[in-house]
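Quick note: numbers below take in every heavy atom, side chains included, and nothing from hydrogens, waters or symmetry partners. Source: prediction; values computed, not measured.
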Amino acid sequence: MTNDQISQKLSFPAMGCGTWAWGNQLLWGYDESMDEELQGVFNLCVSNGVTLFDTGDSYGTGRLNGRSESLLGKFTQAYQGVNKDNISIATKLAAYPWRWTRQAMVKACLSSTQRLGRNVDLVQMHWSTANYAPWQELGLLDGLADLYEQGLVRGVGLSNYGPKRLQRVYKKLADRGVPITTLQVQYSLLSTYPVTQLKLKDVCDQLGIKLIAYSPLALGILTGKYQEKSSLPPGIRGLLFRQLLPGVRSLLECLRDVAESRNKTMSQVAINWCICKGTIPIPGAKSVAQARENIGALGWRLDAGEIASLDQAAATTDKKMVQNIFQTQ
């Protein structure tokens, strides 16, 4: 760990931007004609203080694998406006079956650095292998620690870890003097596990770890743009929405009521709820309009009564989002 690195501690905005869709054809219908619009999304976010961008070395389908990182590198270099020096790139390194040594993890991060054209600020383990190959995780974690010790990254984070596994890994890295800066899990009004049920937020607070909420809009269900009898998105999302929408009517009604009383959109209320719960949401955006709507979740806060109503609606809804298969206890 270099003196330079110590003096440049990572700081986080109230909200970040997720870039899963940037390069993903299968789920999000990406094509390269979208790149100019995505540069606009990036520019709008940074100029409004949304300076944290979350990506992954596995983002991008088929020949476009790594596309999200490459686009972020291109957009960062092109951007010349305010907050340029505050841009932080957080990437997640996949725990592929063939990636099991500490050297492989370092090499993977260096490949991400090449695609980005700059150093990674926050390197994260994309998922834990504890559910199927716990032995594999040891080398990968050592690789993350090596990256931090060598000053190649400014922070280390985890993704899809529950409190039990988190505490084990925290101790392992602490023994090497490497702090865990962040943990990200799926979290929204439709996905309160493991934050609520497993008390993950309490554990993160005790350990000084910031909790990042991915999919805060539940893949788009919480935007209110999709109805049971209206056209649904194509592919896997459409199939999932068809299953979930009938069971989430009461939650969407509550969300709509709060949004109307606040003169906000349902998306803005859903994102603001995550912020009020002490997390950093990272909603995605494929268009400037979506990015502008997400930014509208900032600069105000739901009151205690509104949060209680939304909590109650979330707790009693018939359906929940499918959990990530790699989420650990």
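A donor-acceptor pair under 3.5 Å is absent between the side-chain atoms of N119 and the main chain of T113, judged by distance alone. Between the side chain of T317 and the backbone N or O of G247, at least one donor-acceptor pair lies under 3.5 Å. Between the side chain of N86 and the backbone N or O of G49, no donor-acceptor pair lies under 3.5 Å. K84 contributes a side-chain N or O that, together with a main-chain N or O of Y79, makes up a donor-acceptor pair within less than 3.5 Å. At distances below 3.5 Å, not a single donor-acceptor pair connects side-chain atoms of R292 with backbone N or O atoms of V41. Side chain of S70 to main chain of G66: a donor-acceptor pair is present (N/O by atom type, distance under 3.5 Å, no hydrogens or angles). Between the side chain of R102 and the main chain of L141, no donor-acceptor pair closer than 3.5 Å is present. One N or O on the side chain of Q167 and one on the backbone of P163 form a donor-acceptor pair closer than 3.5 Å. Checked by atom type and distance alone, the side chain of W22 never pairs as donor or acceptor with a backbone atom of Y30 at under 3.5 Å. The backbone N or O of A213 sits nowhere less than 3.5 Å from a side-chain atom of Q186 that would complete a donor-acceptor pair.
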Discussion item. For a ring-ring contact (aromatic ring centres under 6.0 Å, His included) check, start with the C-alpha distance between F53 and F75, then their side-chain angles and the critical distance, and finish with the verdict.
Written reply: CA-CA 11 Å; F53 292 86; F75 298 161; 8.9 Å; no
Discussion item. Would L255 and L310 count as a side-chain contact (heavy atoms from CB on, under 4.5 Å) here? Give the steps.
Written reply: CA-CA 7 Å; L255 196 54; L310 290 165; 3.8 Å; yes
Practice prompt. Go through Y148 and R154 one step at a time and tell me if the side-chain hydrogen bond (donor to acceptor under 3.5 Å, both in side chains) criterion holds.
Written response: CA-CA 7 Å; Y148 185 79; R154 294 165 61 198; over 6 Å; no
Discussion item. If you apply the rule side-chain contact (heavy atoms from CB on, under 4.5 Å), what do you find for D121 with L10, and how did you get there?
Written reply: CA-CA 8 Å; D121 295 293; L10 277 170; 3.9 Å; yes
Discussion item. Run L222 and M321 through side-chain contact (heavy atoms from CB on, under 4.5 Å) and show every step you take.
Written reply: CA-CA 11 Å; L222 296 177; M321 275 295 292; over 6 Å; no
Discussion item. Assess the residue pair L245 and L252 against the criterion (side-chain contact (heavy atoms from CB on, under 4.5 Å)); give the C-alpha distance rounded to whole Å, side-chain angles, the decisive distance to 0.1 Å, and a yes or no.
Written reply: CA-CA 9 Å; L245 281 168; L252 293 180; 4.1 Å; yes
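Closest heavy-atom contact between S128 and Y161: CB-CZ, 3.3 Å. The minimum heavy-atom distance between S58 and N65, with the atom names listed, is O-OD1, 3.3 Å. Scanning all heavy atoms of the two residues, the minimum distance from G16 to I280 falls at N-CG2, 4.1 Å. Closest heavy-atom contact between A313 and C254: CB-CB, 3.8 Å. Listed here is the closest heavy atom pair of A130 and P134: O-CD, 3.8 Å. Nearest heavy-atom pair across G162 and T328 is N-OG1, 2.9 Å.
Note: the hydrophobic cluster containing L110 also contains L147 (ILVMFWY, side chain heavy atoms under 4.5 Å, direct or indirect links). Note: the hydrophobic cluster containing L27 also contains V322 (ILVMFWY, side chain heavy atoms under 4.5 Å, direct or indirect links). In the hydrophobic clustering of ILVMFWY residues, with side-chain heavy atoms under 4.5 Å counting as a link, L138 and V123 come out apart. Following chains of ILVMFWY side-chain contacts shorter than 4.5 Å, one cannot reach L189 starting from L198, and the two form parts of different hydrophobic clusters. Cluster membership for W127 and M125, using ILVMFWY side-chain heavy atoms within less than 4.5 angstrom, is not shared.
For W135, the side-chain contact (heavy atoms from CB on, under 4.5 Å) criterion is met by W100, A133, not counting sequence neighbours. By the side-chain contact (heavy atoms from CB on, under 4.5 Å) test, N48 pairs with L44, I295, sequence neighbours left out. Here D311 pairs with K277 under the salt bridge (charged side-chain N to carboxylate O under 4.0 Å, His left out) rule; sequence neighbours left out. For D31, the side-chain contact (heavy atoms from CB on, under 4.5 Å) partners at least two apart in sequence or on another chain are S33, M34.
The environment of CG in N263 is sparse: at most 12 heavy-atom neighbours from other residues, nucleotides or ligands sit within 6.0 Å. Atom NZ of K319 has 12 or fewer neighbouring heavy atoms from other residues, nucleotides or ligands inside a 6.0 Å radius. Atom CZ of R262 has more than 12 neighbouring heavy atoms from other residues, nucleotides or ligands inside a 6.0 Å radius. E36 CD: 12 or fewer foreign heavy atoms inside a 6.0 Å radius. By the neighbour-count criterion of 12 heavy atoms within 6.0 Å, atom NZ of K320 is densely surrounded, having more than that number from other residues, nucleotides or ligands. Within 6.0 Å of NZ on K107 lie no more than 12 heavy atoms contributed by other residues, nucleotides or ligands.
Side-chain atoms of Q184 and Q124 include a donor-acceptor pair closer than 3.5 Å. N43 and Q39 are linked by a side-chain donor-acceptor pair at a separation below 3.5 angstrom, with hydrogens and angles left out of the test. A side-chain donor-acceptor contact under 3.5 Å links N160 and Y214. With no hydrogens or angles considered, no side-chain donor-acceptor pair links T129 and E137 at under 3.5 Å. Counted by atom type alone, T19 and S68 present one or more donor-acceptor pairs between their side chains at under 3.5 Å.
A heavy-atom distance below 4.5 Å is not found between the side chains of L183 and I212. The closest side-chain heavy-atom distance from I236 to F241 is not below 4.5 Å. A 4.5 Å side-chain heavy-atom check between T76 and I89 finds at least one atom pair inside the cut-off. Side-chain atoms of R67 and Y59, non-hydrogen and from C-beta on, never get closer than 4.5 Å to each other. For the pair C274/P216, a side-chain contact is recorded, criterion being any heavy-atom separation below 4.5 Å from C-beta on. Between P13 and V50 there is no side-chain heavy-atom pair separated by less than 4.5 Å. Side-chain contact between L64 and E32 is present, with heavy atoms from C-beta onward closer than 4.5 Å. Residues E149 and V178 meet the side-chain proximity criterion, which asks for heavy atoms closer than 4.5 Å.
Not less than 6.0 angstrom separates the ring centroid of H126 from the ring centroid of Y96. Taking the six-membered ring for Trp, W273 and Y187 have ring centres closer than 6.0 Å.
Listed by first and then second residue, the salt bridge (charged side-chain N to carboxylate O under 4.0 Å, His left out) pairs involving residues 246-258 are E228-R249 (not counting sequence neighbours). Judged as a salt bridge (charged side-chain N to carboxylate O under 4.0 Å, His left out), the pairs with a partner in residues 38-57 (not counting sequence neighbours) are, in order, D54-K92, D57-R99.
E69 and R118 are not joined by a salt bridge, as no carboxylate oxygen comes within less than 4.0 angstrom of a charged side-chain nitrogen. Looking at K199 and D205, no side-chain N of the basic residue comes within less than 4.0 Å of a carboxylate O on the acidic one, giving no salt bridge. We find that E37 and K286 are not joined by a salt bridge, their nearest charged nitrogen and carboxylate oxygen being 4.0 Å or further apart.
Each of L166, T181, L158, L200 was evaluated against I209; a single residue qualifies, L166, per the side chain to side chain contact (heavy atoms under 4.5 Å, CB included) test.
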